[in-house]
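Scroll down for the structure; my scribbles are underneath it.
This structure is a prediction, so every number in the text was calculated from the model and none was measured.
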Amino acid sequence: MTDTPDRDRPWIFRTYAGHSTAAESNRLYRGNLAKGQTGLSIAFDLPTQTGYDSDHVLARGEVGKVGVPISHLGDMQALLDGIPLEKMNTSMTINATAAWLLALYVAAADAQGADRSKLTGTTQNDIIKEYLSRGTHVFPPAPSLKLTTDVIAWTCREVPKWNPVNVCSYHLQEAGATPVQELAFALANAIAILDSVKASGAIPDEQFPEAVGRISFFVNAGIRFVTEICKMRAFTELWDEITAERYGIEDARYRRFRYGVQVNSLGLTEQQPENNVTRILIEMLAVTLSKGARARAVQLPAWNEALGLPRPWDQQWSLRMQQILAYETDLLEYGDLFDGSTVVAAKVDELKTAARAELDSVLAVGGAVNAVESGYMKQALVASNTERLEQIERGGKMVVGVNAYTETEPSPLSTGTGAVLTVPEWVERDQIERLNAWREQRDESAAQAALTELSRAANEGRNVMEASVACAKAGVTTGEWGWALRESFGEFRAPTGVGRAPRNDTEGLDEIRAEVDRVSKRLGRKLAFLVGKPGLDGHSNGAEQIAVRARDSGMDVVYEGIRLTPAEIVEAAKEDKVHIIGLSVLSGSHVPLVTEVMERMRAAGLDDVPVVVGGIIPPEDAEALKQAGVAGVYTPKDFRLNDIMSDVVRIVDDGIEKEVA
């Protein structure tokens, strides 16, 4: 359908996609584009996001699971084969390694003969929220912000239509942020980025307004429909204030709040998953109905993402939702539907007032970076998520199909062979074989020379982008780029936000605490529970909430955060003499990672320490884990944390009985 003069142009239609291999993902992209998708949104696998090659020990089980593995320029070219990059708007969800993936993308565009000045798209490149939520950070905050500044300065010169940063409040909401926290923390992140750019002097003062104008945002829309509409209007007004007052941007074009959105995945339910279609549609309306605060690009999750990877048909369903709204309804023929609404104006003012106060609190502790390093923002998010989950457990927050209206007919959509997509185990083996072949056929001396120049640029404080593009063209791999910068910048483990002192205001724990005390007396010391996240999965919300509830139940909790090898988890279990281990894996890599932990425990003489596992785990995998000796498997349907705590205590108590017998 062509746009008529009296209709607004629709937003960019995207689906967040990528898995298995570059070639397989390319087929998926070309199929989605043929169905009317108008932009790409690339999901990278966890090794790519965290700067490891596919054959690194931490990459085991993670290759191709939550996105596509991109280890070198050959992979990037295979991913984009047949897609003219001059004409494509590409979003890349990449943060710690954003400079590298952008370098590979530009190198691939150069190989196509594309004009860099015509390239359009976005690198997420918001490292601050990675410390708070998604966990794919690599380097400490200071050098990470330096890399962000490098990308901004380089793109302003070389790729002027590119959005170098997509300040991401999406994952803040996924980590439990309230609308006020989402507003305040995202704006604090944006301020930290722009302050860093301005202080660096990397962009001349006269070009700074244009650089501000290229900063975009990536937001979340939850189910509280009216609040979310008002939140987006508050975002636009607050950003206009900040850019005008803090940075003196006079041209209104550069003060616009430009954002893309993926609607809420946190609220997708494993129970009655067909209900998610309604949730996704309502959440999409929150970011499209208000013309003055309408998203520039929308990508919708699939209805069955709480069960596993969506199939192409599932993604098509989400794409068709956007197309029907944009082309069949009359939405785009009218001005803003909410201008003049006293109800909306009052709610927007309420959100803005509260967000300003929270933003002032973050700035008062030294800004977003200090608020990350001190744990201020992380602790706030963990507390908010705890309150959200407790509301669901108590029934104060109704979730249809979960804690209300749970009687249901069997769903024909989510049963049978192929109900969700799975990544076969051979994908990792084949990717490693291709990686080794790439290393063997490249000019090794050219690759090492490019890496030496990259290290020199990093150590001397120069912009690393030119050196990164040179590395891409010389055949350097993602892991080699990552290790070169690790040697220059070091690595960083973010605060977990899980304190040690138990709360006294948690309801319904008296009986569990009594059981913990009883079993602890039988053990001769307090029951010790290790919560571990093996592999590269950085989605720590579930693990954090289990650790918090176990702590509040009176257990000794060992939780060191994300990105641990199975060997490190087993060593910690042995050193701390724990009585039970809980493993959290949400990347789909639960079978190989849990299996390795179990094997290492047997080798370490820890056969008597039970293991429980949580994650997005299909029934057949749950059964396989239990056959391997896992004592309990928990999925998103197990939302009552007190019940899980009771299970943990019972499993330990049963172990004591076996020893006595």
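Crowding of Glu511 atom CD: a count of heavy atoms from other residues, nucleotides or ligands under 6.0 Å not exceeding 12. No more than 12 heavy-atom neighbours from other residues, nucleotides or ligands sit within 6.0 angstrom of OH on Tyr405. Atom CZ of Arg356 is surrounded by more than 12 heavy atoms from other residues, nucleotides or ligands within 6.0 Å.
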I'd like to know whether Leu183 forms a side-chain contact (heavy atoms from CB on, under 4.5 Å) with Lys231, so could you lay out the CA-CA distance, the side-chain angles of the two residues, the decisive distance to 0.1 Å, and finally the verdict.
CA-CA 8 Å; Leu183 285 162; Lys231 181 190 76 181; 4.0 Å; yes
side-chain hydrogen bond (donor to acceptor under 3.5 Å, both in side chains), that's the test. Do Tyr376 and Asn370 meet it? Break it down for me.
CA-CA 8 Å; Tyr376 172 87; Asn370 283 0; over 6 Å; no
I would like to know whether Lys626 and Glu623 meet salt bridge (Lys or Arg N to Asp or Glu O under 4.0 Å); could you show each step before the answer?
CA-CA 5 Å; Lys626 289 176 182 177; Glu623 186 58 35; 5.4 Å; no
Begin from the C-alpha positions of Val597 and Arg600 and carry the test side-chain contact (heavy atoms from CB on, under 4.5 Å) through to its verdict.
CA-CA 5 Å; Val597 170; Arg600 288 182 177 275; 5.9 Å; no
What do the steps show when you test Asp517 against Lys526 for salt bridge (Lys or Arg N to Asp or Glu O under 4.0 Å), and what is the final call?
CA-CA 7 Å; Asp517 288 343; Lys526 189 177 287 189; over 6 Å; no
Residues Ile616, Leu307; criterion side-chain contact (heavy atoms from CB on, under 4.5 Å); working and verdict:
CA-CA 6 Å; Ile616 300 175; Leu307 307 177; 5.7 Å; no
Tell me, with the steps shown, if Met232 and Val261 meet side-chain contact (heavy atoms from CB on, under 4.5 Å).
CA-CA 11 Å; Met232 296 320 307; Val261 64; over 6 Å; no
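Side-chain polar atoms of His590 and Asp621 form a donor-acceptor pair below 3.5 angstrom. In this structure, a donor-acceptor pair under 3.5 Å is present between the side chains of Thr269 and Arg279.
Note that the OG1 atom of Thr178 and the CD atom of Glu182 stand 8.5 Å from one another [nearest 0.5 Å]. Atom CG of Leu381 sits about 12.5 Å away from atom NZ of Lys129, to the nearest 0.5 Å. Separation of atoms NE2 (His539) and CD (Glu174) is listed at 7.5 Å; rounding is to 0.5 Å. For the atom pair CG of Leu359 and CD of Gln181, the computed distance is 13.0 Å after rounding to the nearest 0.5 Å. Distance CD/Glu228 to CG/Leu351: 9.0 Å, rounded to 0.5 Å. Rounded to the nearest 0.5 Å, atoms CG (Leu593) and CD (Glu62) are 5.5 Å apart.
Without hydrogens or angle criteria, Lys574 side chain to Met601 main chain gives no donor-acceptor distance under 3.5 Å. Without hydrogens or angle criteria, Gln271 side chain to Lys637 main chain gives a donor-acceptor distance under 3.5 Å. Gln545 places no side-chain N or O within 3.5 Å of a backbone atom of Leu389 that could act as its donor or acceptor partner. At distances below 3.5 Å, not a single donor-acceptor pair connects side-chain atoms of Lys533 with backbone N or O atoms of Arg563. At least one donor-acceptor pair closer than 3.5 Å links the side chain of Asn220 to the backbone N or O of Asn264. In this structure, the side chain of Arg640 engages the main chain of Glu393 through a donor-acceptor pair within 3.5 Å. A donor-acceptor contact shorter than 3.5 Å links the side chain of Ser520 to the backbone of Leu527. A donor-acceptor distance shorter than 3.5 angstrom exists from the side chain of Asp45 to the backbone of Thr48, with no hydrogens or angles considered. Here the side chain of Asp314 pairs no donor or acceptor atom with the backbone of Ala302 at under 3.5 angstrom. Listed for the Ser144 side chain is a donor-acceptor partner under 3.5 Å among the backbone atoms of Phe139.
Across all non-hydrogen atoms, the minimal contact from His137 to Ile127 is CA-CD1, 3.9 Å. Pro534 approaches Leu583 most closely through the heavy-atom pair CD-CD2, 4.3 Å. Residue Pro310 comes nearest to Asn304 through the heavy atom pair CB-OD1, 3.7 Å, listed as atom of the first residue, atom of the second, then distance. Taking all atoms of both residues into account, the shortest heavy-atom contact from Gln262 to Ser265 is NE2-OG, 3.3 Å. Annotation for Ser20 and Val427: closest pair O-CG1, 3.1 Å, computed over non-hydrogen atoms. Heavy atoms only, all atoms of each residue included: Pro140 and Gly490 are closest at CD-O, 3.4 Å.
Just one of Val557, Leu509, Ile644 meets the side-chain contact (heavy atoms from CB on, under 4.5 Å) condition when paired with Arg549; it is Leu509.
Residues Phe492 and Tyr131 place their aromatic rings such that the two centres sit under 6.0 Å apart.
No side-chain heavy atom of Val382 sits under 4.5 Å from any side-chain heavy atom of Gln379. Inter-residue side-chain proximity for Thr278 and Val400 is flagged as unmet; no heavy-atom pair is nearer than 4.5 Å. Under the 4.5 Å side-chain criterion, counting only non-hydrogen atoms from C-beta, Ser589 is not in contact with Asp537. A 4.5 Å side-chain heavy-atom check between Val630 and Val633 finds at least one atom pair inside the cut-off. With contacts defined as side-chain heavy-atom distances shorter than 4.5 Å, the pair Phe529/Ile546 qualifies. In this structure the side chain of Trp303 reaches within 4.5 angstrom of the side chain of Pro273, judged on heavy atoms. Looking at Phe218 and Val167, their side chains never come closer than 4.5 Å, going by heavy atoms from C-beta outward. The side-chain heavy atoms of Gln124 and Tyr170, taken from C-beta on, include no pair separated by under 4.5 Å.
Under a 4.0 Å N-O distance rule, the pair Arg650/Asp647 qualifies as a salt bridge. Using a cut-off of 4.0 Å between Lys/Arg side-chain N and Asp/Glu carboxylate O, Arg551 and Asp556 are scored as not salt-bridged. Remark: Glu599 does not engage Arg602 in a salt bridge, criterion side-chain N to carboxylate O under 4.0 Å.
A cation-pi contact, defined as under 6.0 Å to the ring centre and within 45° of the axis, links Arg486 to Tyr52.
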